[in-house]
Novice: 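Before I ask anything, let me first share the structure, which is written out below as structure tokens.
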Amino acid sequence: MAQFRGALIGCGFFAVNQMYGWRDVEGAEIVAICDRDPERLKIVGDTFGIERRYLDASELFRDGGFDFVDIATTVRSHRPLVELAAAHRLPAICQKPFAPTLADAKAMVKACRDAGVPLMVHENFRWQTPIRAVREVLATGAIGTPFWGRFSFRSAYDVFSGQPYLAEGERFIIEDLGIHTLDIARYILGDVTSLTARTRRVNPRIKGEDVATILLDHDSGATSIVDVSYATRLADEPFPETLIELDGSEGSIRLYKGYRLEVTNAAGTTTSDVAPALLPWASRPWHNIQESVLAIQQHWVEQLRSGAETSTSGADNLKTFALVEAAYASAATGQPVDVRKLLA
Ligand code: NAD
Ligand code: 89V
């Protein structure tokens, strides 16, 4: 099978998962890496045996010798790096959050479209085993037509120890974590017409909001709630599980903590274990996320080979990113926001 050659830019905290993922993916390998921090470049280069190492992304692109680029840097560099990839007519994967603003994200989609190259946002949460299990049950019609949902991520996990920059931004939980939860809401219940959001900051040691409650109106007529918190101390810490409740015309679905899926309808209640695999390189509690990294990267290779659009293409992710912008706008004004206007 033909092997796609990739270059990875950004060798930080999360990129290590992506590098393990690439090691396991069938049909692709990373042949070059880049980070402006020589220490990170050395750690990742030595760990994964990558000889071609660059401190500067322009030099990496100038030398070439790869078929796609995987951008694993933090958000400020996403637009310039995606535009660099487009300028070199190279397919690109870009980590979430897609961009600092929706205007930047739209420009990135246009740059890749104009260059005729695929762009995928590394929005991996919809690739988690339990999330896919919920969507599969829904697709069987077991609960009829869904009319209400709740997508909930509440935790007191110290996310700042691994990602200290999260404490420093004006925006925190919606942009960093809620973006995943909003994407899951779209993935399960479809696109959104309008939303209303409330936020607050509980932890005084951080700059941005660490609690958000968002009410979504879906195209289908369903209503859902996305609620996220890093200020919720629980007896049994659920990080990084997204819990889901869905009510439909014929029954209900519940995804409980511990990856327990419960489906109730006229036939009764069935319960199943939808826990993710613990990959050899993964560690609890991150294994759910780590498995989804492998899954999304394998999906990228398959779509690259077939020429089909990826599930979380740039164009698709604009609709998730618009929810992030809408949530901040709604929280600031106290008013609902028409999401369709942002996307027009
Ligand atoms: P990090 O700060 O640990 O790593 C980023 C690395 O990129 C750093 O080593 C930095 O030196 C390098 N870098 C930044 N700009 C660069 C540039 N222009 N050229 C070359 N190198 C550059 O950050 P992180 O925690 O690994 O997060 C990276 C991205 O991954 C963020 O966008 C974050 O939101 C995302 N992330 C996603 C998930 C997920 O589940 N999808 C989880 C964690 C982080
Ligand atoms: O997605 C992220 O960037 C991470 C985490 C998975 C912990 O939310 O912050």
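Both counts, for ligands and for their atoms, begin at 1 and track the order of listing. This structure is a prediction, so every number in the text was calculated from the model and none was measured. Residue numbers count from 1 along this sequence.
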Novice: Which pair of heavy atoms, one from D35 and one from G12, lies closest together, and at what distance?
Specialist: OD2-N, 4.0 Å
Novice: Show which atoms of ligand 2 fall inside a sub-4.0 Å distance from at least one heavy-atom site of L177.
Specialist: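 Matching atoms, with element in brackets: 8 (O).
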Novice: Would you mind running through ligand 2 and noting each atom that sits below 4.0 Å from a heavy atom of L166?
Specialist: 9 (O)
Novice: Quick one: nearest non-hydrogen protein atom to atom 6 (C) of ligand 2, plus distance?
Specialist: I289 CD1, 3.6 Å
Novice: Check each atom of ligand 2 against the heavy atoms of K96 and keep those under 4.0 Å away; list them by number with element.
Specialist: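 So the answer, numbered in order with elements, is 1 (O), 2 (C), 3 (O).
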Novice: Hey, is the main chain of C94 close enough, under 3.5 Å, to the side chain of H78 for a donor-acceptor pair?
Specialist: no
Novice: Counting neighbours of NZ on K257 that are heavy atoms of other residues, nucleotides or ligands and sit closer than 6.0 Å, is the number greater than 12?
Specialist: yes
Novice: Looking at T73 and G10, would you say the former's side chain and the latter's main chain have a donor-acceptor pair under 3.5 Å?
Specialist: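 Not a single qualifying donor-acceptor pair exists.
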Novice: I'd like to know if the side chain of R150 reaches the main chain of E245, judged simply by a donor and an acceptor atom lying under 3.5 Å from each other, with no hydrogens or angles considered.
Specialist: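 No, R150 side chain to E245 backbone: no donor-acceptor pair under 3.5 Å.
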Novice: Stepwise, does the side-chain contact (heavy atoms from CB on, under 4.5 Å) test hold for N203 with F160?
Specialist: CA-CA 12 Å; N203 180 347; F160 309 106; 3.9 Å; yes
Novice: Minimum distance, heavy atoms only, to atom 5 (C) of ligand 2: which one of Q163, H122, Q95 is it?
Specialist: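 Nearest option to atom 5 (C) of ligand 2, by heavy atoms: Q163.
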Novice: When you measure from the side chain of E291 to the backbone N and O of P276, does any donor-acceptor pair fall under 3.5 Å?
Specialist: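 Not at all, since once roles are kept as given, no pair shorter than 3.5 Å links the two residues.
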Novice: Give the C-alpha distance, both sets of side-chain angles, the deciding distance and a yes or no for ring-ring contact (aromatic ring centres under 6.0 Å, His included) between W286 and F13.
Specialist: CA-CA 13 Å; W286 284 84; F13 168 77; 5.6 Å; yes
Novice: Hey, which atoms in ligand 2 end up nearer than 4.0 Å to a heavy atom of D176?
Specialist: 1 (O), 2 (C), 3 (O), 4 (C), 8 (O), 9 (O)
Novice: List by chain and number: which residues place a heavy atom under 4.0 Å from ligand 1?
Specialist: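 For ligand 1, the contacting residues are I9, G10, G12, F13, F14, D35, R36, D37, R40, A72, T73, T74, S77, H78, Q95, K96, P97, H122, N124, F125, Q163, Y165, D176, H180, I289.
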Novice: For R200, does the CZ atom have more than 12 heavy-atom neighbours from other residues, nucleotides or ligands under 6.0 Å away?
Specialist: no
Novice: Using a 4.0 Å heavy-atom cut-off, say whether Y230 meets ligand 2 through its side chain, its backbone, both or neither.
Specialist: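 Y230 to ligand 2: side-chain contact only, backbone stays beyond 4.0 Å.
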Novice: Go through ligand 2 atom by atom and flag the ones less than 4.0 Å from a non-hydrogen atom of H180.
Specialist: 1 (O), 2 (C)
Novice: Please give me the minimum heavy-atom distance between H180 and D176, naming the atom from each residue.
Specialist: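 Closest approach of H180 to D176: CD2-O, 3.7 Å.
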Novice: Could you tell me if R135 sits above the aromatic ring of Y187, with its cationic atom closer than 6.0 Å to the ring centre and no more than 45 degrees from the axis?
Specialist: yes
Novice: Short list, please: which atoms of ligand 2 are under 4.0 Å from a heavy atom of V159?
Specialist: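 Those qualifying, in numeric order: 7 (C).
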Novice: Report the part of W286 in contact with ligand 2, treating N, CA, C, O as backbone and CB onward as side chain, heavy atoms under 4.0 Å; options are side chain, backbone, both, neither.
Specialist: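 Side chain only.
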